[in-house]
Amino acid sequence: MTNGALFLETFFNPVIIARYLPAIGKGMLVTIEVAACVIVTGIALGLALAVVRSFRLKAVNAAIIVMVDILRALPPLVLVLLVYFGLPNVGLTLPSFAVLWLVLSLVLAAFAEEVFWAGIVSVRKGQWEAGRCTGLTEFQTLRYIVLPQAIRLTVPPLTNRTIAITKNTALGTVIGVPEILNQATTAQSFSGSATPLMMGAVAYLILFVPVVIAGRYIETRFAWRRA
C-alpha cells in the first residue's frame, strides 16, 4: 500500500464514514444547541452586568468586578469539572448539558461585560450631559443615547470573543455531552480508525467557518467609518 493510499485509508475510510456519519450529525445538532444557548444567555447577562455597573454602586460594582475577574482567569475546563463533579457533593446534581451551558454562558458573560463596559465608558461625558439636559433620566440617557453608541463600538471585539468561547463546546466531551468531539472519540474507540476524528474536525469546520465569515462581515458592517 502506498503512503497516499495509507493516508486515505486512515483518515478518509469510506466505510467508517458511512457507519458513523449519523452519529457525527447528531453531535453537530447538540453543538449548535449548546452554542446558541450560550450566545443568547452569555451576551444578555454580560450586557445586564455592564448596565448595572454603569450606575456606579460601589458594593455592587466590586462584586461584579470580582466575579468577572475570577471567571476570566479560570480556564473553562476547570470550571466545567468543578461544577459537574463538585456540586453533587453538596446535593446539587445538574445534567451535563446544563453544566456546559451554564459554565460557558458565565464565561462569555464575564468577557462580554468587560467589552460592553469599555464601550460605555468610551462614550464621551458630553453625551451623558446632553441627555440629562433634555430632561431624560440617567437610565433613559443610558438606554437611548449611550448604549446604542457603546454597542456599535463593541460589536467587533464581542464577535471575536463569542466565536472563541462557543468553540469551547468541545469541552463537553469530558462530562459526556454528546457533541461533535464526544461522538467522534466514541466512534474512534470502537472503530480503531482516525477517520471519525477527521469527520469531527470537518464537522467543526462546517459549523464554525460560516460563523467566522459572518463575524468578519459584522465587524466590517459595524466598524466606524474612517474620516
Side-chain angles (χ1 to χ4, degrees), residues 1-44 75-85 87-88 93-109 111-112 158-221:
M1 181 178 291
T2 62
N3 289 336
L6 179 60
F7 179 85
L8 293 176
E9 177 70 17
T10 302
F11 292 102
F12 298 96
N13 188 315
V15 176
I16 300 295
I17 290 175
R19 184 187 305 166
Y20 292 106
L21 190 58
I24 298 297
K26 292 179 181 177
M28 291 177 70
L29 292 177
V30 174
T31 299
I32 292 172
E33 291 175 359
V34 176
C37 293
V38 168
I39 291 171
V40 171
T41 54
I43 292 179
L77 177 59
V78 173
L79 290 171
V80 168
L81 296 176
L82 188 63
V83 172
Y84 187 74
F85 294 107
L87 287 184
T93 302
L94 297 176
S96 56
F97 184 98
V99 170
L100 185 61
W101 163 70
L102 177 64
V103 169
L104 294 185
S105 294
L106 290 175
V107 172
L108 177 56
F111 283 97
L158 189 60
T159 302
N160 286 328
R161 182 55 60 182
T162 300
I163 292 172
I165 292 177
T166 51
K167 285 191 296 186
N168 283 328
T169 52
L171 296 178
T173 191
V174 299
I175 56 175
V177 177
E179 45 71 58
I180 294 174
L181 185 59
N182 181 275
Q183 297 285 5
T185 53
T186 301
Q188 189 272 335
S189 64
F190 280 108
S191 65
S193 170
T195 295
L197 297 178
M198 180 59 73
M199 294 171 66
V202 172
Y204 279 114
L205 288 176
I206 292 173
L207 286 185
F208 285 104
V209 165
V211 175
V212 171
I213 293 173
R216 192 178 299 280
Y217 169 77
I218 292 172
E219 290 176 15
T220 305
R221 177 68 178 79

- Task: List for me each residue that meets side-chain contact (heavy atoms from CB on, under 4.5 Å) alongside T159, sequence neighbours excluded, and say none if there are none.
- Result: V155, I163, I218
- Message: Before you tell me yes or no, could you show the steps for L100 and L104 under side-chain contact (heavy atoms from CB on, under 4.5 Å), namely the whole-Å CA-CA distance, both residues' side-chain angles and the distance that decides it to 0.1 Å?
- Response: CA-CA 6 Å; L100 185 61; L104 294 185; 3.8 Å; yes
- Task: Output all residues satisfying side-chain contact (heavy atoms from CB on, under 4.5 Å) with V40, sequence neighbours left out; order by chain, then residue number.
- Result: none
- Nearest heavy-atom approach of C37 to W101 is CB-CD1, 3.3 Å
- Listed by chain and number, what are the side-chain contact (heavy atoms from CB on, under 4.5 Å) partners of L79, not counting sequence neighbours? L71, L74, V103, V107
- Message: Filter on side-chain hydrogen bond (donor to acceptor under 3.5 Å, both in side chains), then keep only pairs touching residues 183-199, sequence neighbours left out; what's left?
- Response: S193-T195
- Under the side chain to side chain donor-acceptor pair (under 3.5 Å) test, residues paired with T169 that sit two or more places apart: none
- Query: Do any pairs count as a side-chain hydrogen bond (donor to acceptor under 3.5 Å, both in side chains) and have a residue in residues 21-36, sequence neighbours left out, and if so which ones?
  - Reply: none
- Item | Closest heavy-atom pair and its distance - V38, S105 | CA-OG, 3.6 Å
- Provide the full list of ring pair (Phe, Tyr, Trp, His ring centres under 6.0 Å) pairs with a residue in residues 5-43, sequence neighbours left out, each pair given once. F7-F11
- Residue set satisfying side chain to side chain donor-acceptor pair (under 3.5 Å) with N168, at least two apart, ordered chain then number -> none
- Query: Pairs in or reaching into residues 161-219: which pass ring pair (Phe, Tyr, Trp, His ring centres under 6.0 Å), with residues at least two apart or in two chains?
  - Reply: none
- Can you name the residues that form a side-chain contact (heavy atoms from CB on, under 4.5 Å) with I32, not counting sequence neighbours? L207
- Task: Of all the heavy-atom pairs spanning F97 and V177, show the shortest one and how long it is.
- Result: N-CG2, 3.9 Å
